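Read the structure below first, then the notes.
Every value quoted in this text rests on a predicted model; they were computed, and no experiment measured them.
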Amino acid sequence: MPLEPLSQKEIEDRLAELPGWSLQGDRIARSYRLPSHFAATAMVVHIAQVQEELDHHSDLTLGYNTVSLTVNTHTVGAVTKRDFALARRIEDLAPGHGAQ
């Protein structure tokens with residue numbers, strides 16, 4: 001079954017369950033602040049592992065002590081349930097890296 005774009009209401013409802021995430025155009029986005037560059041780098045590697053596992057990849061940016069990402073389903077050109085599955089996994093791993 002092909003993925004379908006989520007409605008604005010569905011996106012808003014799902015974002016309410018993911019504090020810190022927001023809608024930016026046709027993507028959901030979040031930035032994290034971490035205690036050090038090493039912690040931020042480790043989180044990027046962990047996110048990359050999850051993305052490979054889900055076969056769903058975001059735009060991921062590493063700063064000195066920050067990690068930022070934007071997520072959408074490129075083949076659909078919109079936000080889908082796959083994007084929220086990835087966001088949820090990232091939210092679950094973030095505290096282990098000291099991310100805020």
Practice prompt. List the steps and the verdict of side chain to side chain contact (heavy atoms under 4.5 Å, CB included) for Glu52 and His57.
Written response: CA-CA 7 Å; Glu52 285 296 307; His57 303 85; 2.8 Å; yes

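- Taking 4.5 Å as the limit, some side-chain heavy atom of Pro5 sits within range of a side-chain heavy atom of Val76.
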Worksheet item: Hey, mind stepping through Thr61 and Ser68 against side chain to side chain donor-acceptor pair (under 3.5 Å) and telling me if it holds?
Response: CA-CA 5 Å; Thr61 304; Ser68 300; 5.9 Å; no

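- Under the 4.0 Å criterion applied to side-chain N and carboxylate O atoms, Glu4 and Lys81 are not assigned as salt-bridge partners.
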Validation: residues 38-50 side-chain donor-acceptor distances under 3.5 Å, sequence neighbours left out:
{"residue": "Thr41", "atom": "OG1", "partner": "His37", "partner atom": "O", "Å": "2.9"}
{"residue": "His46", "atom": "ND1", "partner": "His97", "partner atom": "NE2", "Å": "2.9"}

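- By the rule that hydrophobic residues join a cluster once side-chain heavy atoms approach within less than 4.5 Å of another member, Leu3 and Leu86 end up as members of separate clusters.
- Taking the ring centre of Tyr32 as origin, the terminal cationic atom of Arg30 falls inside the region bounded by 6.0 Å and 45° from the ring axis.
- Taking both residues in full, the closest heavy atoms of Ser7 and Glu10 are given as N-OE1, 2.7 Å, listed atom of the first, atom of the second, then distance.
- The CD1 atom of Ile11 sits 12.0 Å away from the NZ atom of Lys9 when rounded to the nearest 0.5 Å.
- Val79 has its side chain within reach of Phe84: a pair of non-hydrogen atoms, C-beta onward, lies under 4.5 Å apart.
- Gln51 and Ser58 share a donor-acceptor pair across their side chains, judged by distance under 3.5 Å alone.
- Here the shortest heavy-atom pairing between Leu23 and Ile28 reads CD1-CG2, 4.3 Å.
- At most 12 heavy atoms of other shown residues, nucleotides or ligands fall within 6.0 angstrom of atom CZ in Arg33.
- The only member of Asp83, Asp59, Thr73 that meets side-chain hydrogen bond (donor to acceptor under 3.5 Å, both in side chains) when paired with Arg27 is Asp59.
- What you find for Asp26 and Gly77 is that their closest heavy atoms are OD2-O, 3.7 Å.
- Within 6.0 Å of the CD atom in Gln100, the count of heavy atoms belonging to other residues, nucleotides or ligands does not exceed 12.
- Just one residue in the list Thr75, Asp55, Asn72 forms a side-chain contact (heavy atoms from CB on, under 4.5 Å) with Arg82, and that residue is Asp55.
- Both Leu18 and Leu93 are part of a single hydrophobic cluster, where members link through side-chain heavy atoms under 4.5 Å apart.
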